[in-house]
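What's counted below: heavy atoms across the whole structure, side chains too, no hydrogens, waters or symmetry copies.
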Amino acid sequence: MRLLVRFMGFLFAAGTVVFLVGVGAVAGLIWHFSKDLPDYSQLQDYEPPVMTRVHAVDGSLVGEYAKERRLYLPIQAVPKLVINAFLAAEDKNFYEHGGIDYTGMARAGLLYLQNYGSNRRPQGASTITQQVAKNFLLTNEVSFARKIKEALLAMRIEKTYSKDKILELYLNEIYLGLGAYGIAAASLVYFDKSVNELTVAEASYLAALPKMPATLHPVRNRDRAIERRNYVIDRLLENGWIKQADADKARKEPLAVTSRSNGAHTFAGEYFAEEVRRDIFERYGEKKLYEGGLSVRTTLDPKIQVMARKAMVAGLVNYDEQQGYRGAMSKLDVSGDWGVKLAEIKSLSDISPWRMAVVLETSDQSARIGFQPGRELGGAVSKQRETGIVTIDGVRWARAVQGGTKGKTPTAVSQVLQPGDVIYADPLYKDGQPVEGQYRLRQIPEVSGAMVVMDPWTGRVLAMVGGFSFDQSQFNRATQAYRQPGSSFKPIVYSAALDNGYTPSTVVLDAPIEIDQGQGAGVWRPENFSSGKFQGPVTLRNALRQSLNTVTVRLAQDIGMPLIGEYARRFGVYDELPNYLSYALGAGETTAMRMVTAYSMLANGGRRVKPTLIDRIQDRYGHTIFKHDQRECRGCDAPGSWKNQPEPQLIDRREQVLDSMTAYQITELMEGVVQAGTATVIKDVGKPVAGKTGTTNEAKDAWFVGFSPDIAVAIYMGYDKPRPLGRGNAATGGHLAAPIARDFLKLALADKPAVPFKVPAGIKLVRVVAKTGMRAGPGETGGTILEAFKPGTAPPDNYSVIGVADADGRMPASQQQQPDSGFFMRPGTGGLY
């Protein structure tokens, strides 16, 4: 008995020693791993990389920019269904344990012993808190040391933060595949939905992804993905978080994934979105753009943008088709599966409804074509094959180009298309309706151009078209292409004149003129477009209406190029204008954005406007860090109830770059250009529009810039490598650019009332004879118009002519270029009225 007691005492003592040694070892182990644990307090101020989102004026999404596609969602905004799905999949006892699931750890340890030596990855037993510790503070190293640190951190995190805060960090940080971080971004990427719209099946699939997003790819591994999704559904049912009927319905639901584009989300807004991206990058840098979670409200009006894109593309295509058909884009062997071969050819993604196709067989009356198949989410070519018919009506425009000349109109489809030709086609329309199954041949235009639409009162860019296709060329011709504006610059010259003593009735000589350019440069003889035809004395109104070059040159001589250069700088057309008379005819280079901004100042009464694509930028917390409109609003902070206080007032302190009466005068002159000048096609709009066409030397650029009382537009057409657009009237701004403006303005102003341009205070409307500019006699109505004059500048009964030539037709020496000065002096003759 004594021996037994002694033995039991020995065992107790030994056990005590072992226990104490074990406790000491564990304590030492904890102390060892606790020495260099990361500072978990940083979680309190954690700011994850969040994508920047860009929106149009109506709130629609324009674009998203991020290195990690993430939207941070507070836990209060996460639906209970989504929370329960992740708890069911990852940690059903999350709200009960203290950071460590000991039962799960024992189960994982037993499985590890069973699989020891099999090279299988050990099964984790991490709680959501442990995953937060690992994802935020540790590495993905597979080791006991990392697991111990993870457990220690988890316990400390649980003591410091609430369960909701821990779950919020987890749901916003986890990677869920396809570049999506966090549940908000994953919901958009996989299903194009907000988390509040997710079904039981969709929420369960997202909850299945954290452990193995690549393995559960919805296309490549669809069966396994559905199996894991259904497992989560079963756990939701088992925990009593959904009903049996909901579970049965969710299991039967197909895994239908809607791919979400990374590019611009507003159709035709790619150039605009890229310009905004560059703006933000320049303002705040790369990190703020791609990780700052900015909310950008732009000036883009999606409806106006689609109208602008439609009109511009139609104008480019119509011109290009008139030049003839250049042939197929490439050739393809159509034997076997032509769809796979065609899918390998790069097609433009932003020119819908155009689609790439290959000609399968042809006859005289038609050709059968096969359309390029799409790709599934995993990148595999779709197995669907769609075909259509191109009829003779779809190729009548396609006259072959041979040696620079166009052939005859085709009488058979086989004259144009051959099997293997890779082409573009879109639906064939008859009487305004698409003909089912029939298509029209298309070709990517070689010519390009740009359009900018602006609110003239604020400088807000409502729409921008930077070329035919952003996918084809990201070069933004609206802001980056410097082109000669030609005669569309003349209103700036006339504004300078009207602002310095001239009137719309001032008479200038339209006659041949020779300018000695000095220093051996020879004699310059500017001509009107209708070479050899001159009208003699003409008013400024008629000179601008007919775009007379010799009149503009004489006007520039009289007021001086330095003054014109100053006005060009004020309006932002040029930063510095050389003192050569040819620049008064638009020989300098500028952009469509600069031109529409300048015309906007004419439209708004002479107030400076700064072009902007952004109304407001907010940081991730909703604080406004940029606002375009800097006008002071007095009374806007009044209390909510009406107490007979004065109405709010906007205080506009913007610079007056042009006298408001001068702005109205030049507007009226440009209305004359539309009504009876080089832009008469614009009359079809049926609303008040003022504007000016422009055609450069050799017709390399065709312009129209103009405005209604509330919208301004600038358009140019030309080849990227400048070359003539044609000959004669067919290649002018009035023939090429103005019709595009007409088609756009018809759409944009369709529901707008025909409001006339506002007459500023002080302007006197006097009836004058349109041809001479002199005051009309009593009762005289034929050939008269109402002309706008500033106070004290009423038209005379007779006049002298600026620029009277000598008997031999040469200008007096005082009106010729001064070789030593580099610019033209004001002549000593001529009258100003």
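Between Thr479 and Thr591 there is no side-chain heavy-atom pair separated by less than 4.5 Å. Contact of the Leu613 side chain with the Asp279 side chain is not registered, since no non-hydrogen atoms from C-beta on lie closer than 4.5 Å. Between Val257 and Val219, the closest side-chain pair of non-hydrogen atoms is not below 4.5 Å. Looking at Phe571 and Leu602, their side chains come closer than 4.5 Å, going by heavy atoms from C-beta outward. The shortest side-chain heavy-atom distance between Thr299 and His628 does not fall under the 4.5 Å cut-off. Contact annotation: the side chain of Pro48 never approaches that of Asn172 to less than 4.5 Å [non-hydrogen atoms, C-beta and beyond]. Side-chain contact between Arg569 and Leu577: absent, with no pair of heavy atoms (C-beta onward) separated by less than 4.5 Å. For the pair Leu294/Phe626, no side-chain contact is recorded, criterion being any heavy-atom separation below 4.5 Å from C-beta on.
Residues that satisfy the salt bridge (charged side-chain N to carboxylate O under 4.0 Å, His left out) test with Arg70, not counting sequence neighbours, are Glu68, Glu173. Tyr290 pairs by the side-chain hydrogen bond (donor to acceptor under 3.5 Å, both in side chains) definition with Arg277, not counting sequence neighbours. Under the side-chain hydrogen bond (donor to acceptor under 3.5 Å, both in side chains) criterion, Glu168 pairs with Tyr72, sequence neighbours left out.
In this structure, CD in Glu270 is found 10.0 Å from CD in Gln474, a value given to the nearest 0.5 Å. Atom-to-atom distance recorded for Ile711:CD1 and Met454:CE is 11.0 Å, nearest 0.5 angstrom. Atom OH of residue Tyr719 and atom CZ of residue Arg483 lie 11.0 Å apart, to the nearest 0.5 angstrom. In this structure, the separation between CZ on Arg283 and CD1 on Ile625 is 9.5 Å, given to the nearest 0.5 Å. Atoms NZ and CZ, on Lys700 and Arg723 in that order, are 11.5 Å from each other to the nearest 0.5 Å. One finds the CG atom of Leu300 at 8.0 Å from the CG atom of Asp58 (value rounded to the nearest 0.5 Å).
Between Tyr190 and Tyr205, the angle of the ring planes goes over 60°, which puts this pair in the perpendicular group of the 30/60° scheme.
Taking the ring centre of Tyr567 as origin, the terminal cationic atom of Arg570 falls inside the region bounded by 6.0 Å and 45° from the ring axis.
Side-chain atoms of Thr590 come within 3.5 Å of backbone N or O of Val573 as a donor-acceptor pair. No donor-acceptor pair under 3.5 Å is formed between the side chain of Gln443 and the backbone N or O of Tyr424. In terms of modelled atom types and a separation under 3.5 Å, the side chain of Tyr319 and the main chain of Leu725 share a donor-acceptor contact. Remark: the backbone N or O of Thr695 is not paired with any side-chain donor or acceptor of Ser487 at under 3.5 angstrom. When atom types are taken as modelled, the side chain of Asp701 and the backbone of Gly718 share no donor-acceptor pair closer than 3.5 angstrom. In this structure, the side chain of Asn476 does not engage the main chain of Gln480 through any donor-acceptor pair within 3.5 Å.
For the pair Glu275 and Arg477, the salt-bridge criterion is not met [side-chain N within less than 4.0 Å of a carboxylate O].
Here the closest non-hydrogen pair linking Gly586 and Pro485 is O-CD, 3.3 Å. Looking at every heavy atom in both residues, Lys193 comes nearest to Ser187 through O-OG, 2.7 Å. Across every non-hydrogen atom of Val313 and Phe468, the tightest pair is CG1-CE1, 3.6 Å. For Lys67 against Glu286, the heavy-atom pair with the smallest separation is NZ-OE2, 3.3 Å. Between Thr693 and Ala738, the shortest heavy-atom contact is CG2-CB, 4.4 Å. Between Arg460 and Val57, the closest heavy-atom pair is NH2-CG1, 3.3 Å.
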| query | How far apart are the C-alpha atoms of Tyr161 and Leu169, what are their side-chain angles, what is the distance that settles it, and do they pass the side-chain contact (heavy atoms from CB on, under 4.5 Å) test? | reply | CA-CA 11 Å; Tyr161 303 107; Leu169 291 170; 5.8 Å; no
Go through the steps to decide whether Arg278 and Glu282 satisfy the test salt bridge (Lys or Arg N to Asp or Glu O under 4.0 Å), and finish with yes or no. CA-CA 6 Å; Arg278 282 197 290 261; Glu282 291 175 1; 6.0 Å; no
Test side-chain contact (heavy atoms from CB on, under 4.5 Å) on Ile75 and Leu171; report intermediate values, then the result.
CA-CA 8 Å; Ile75 192 65; Leu171 292 176; 4.0 Å; yes
Exercise. Stepwise, does the salt bridge (Lys or Arg N to Asp or Glu O under 4.0 Å) test hold for Arg654 with Glu632?
Worked result: CA-CA 11 Å; Arg654 292 177 298 177; Glu632 178 188 354; over 6 Å; no
- Query: Where do Arg297 and Asp615 land on the salt bridge (Lys or Arg N to Asp or Glu O under 4.0 Å) test, with the steps shown first?
  - Reply: CA-CA 6 Å; Arg297 180 57 63 95; Asp615 275 336; over 6 Å; no
Problem set entry | Worked check of side-chain contact (heavy atoms from CB on, under 4.5 Å) between Val62 and Val276 | CA-CA 10 Å; Val62 175; Val276 170; over 6 Å; no
(Q) Quick one, Phe191 with Leu206, criterion side-chain contact (heavy atoms from CB on, under 4.5 Å). Give me CA distance, side-chain angles, the key distance, then yes/no. (A) CA-CA 10 Å; Phe191 303 111; Leu206 294 184; 4.0 Å; yes
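Centroid-to-centroid, the aromatic rings of Tyr599 and Trp703 stay 6.0 Å apart or farther. Aromatic ring centres of Phe489 and Tyr574 lie closer together than 6.0 Å.
Heavy atoms from other residues, nucleotides or ligands lying under 6.0 Å from CD of Glu197 number more than 12. Counting heavy-atom neighbours within 6.0 Å of Lys287 NZ, excluding the residue itself, gives a total of 12 or less. Within 6.0 Å of the CG atom in Asn318, the count of heavy atoms belonging to other residues, nucleotides or ligands exceeds 12. Enclosure of atom CD in Glu344 by more than 12 non-hydrogen atoms of other residues, nucleotides or ligands within 6.0 angstrom is indicated.
In this structure, a donor-acceptor pair under 3.5 Å is absent between the side chains of Ser469 and Asp471.
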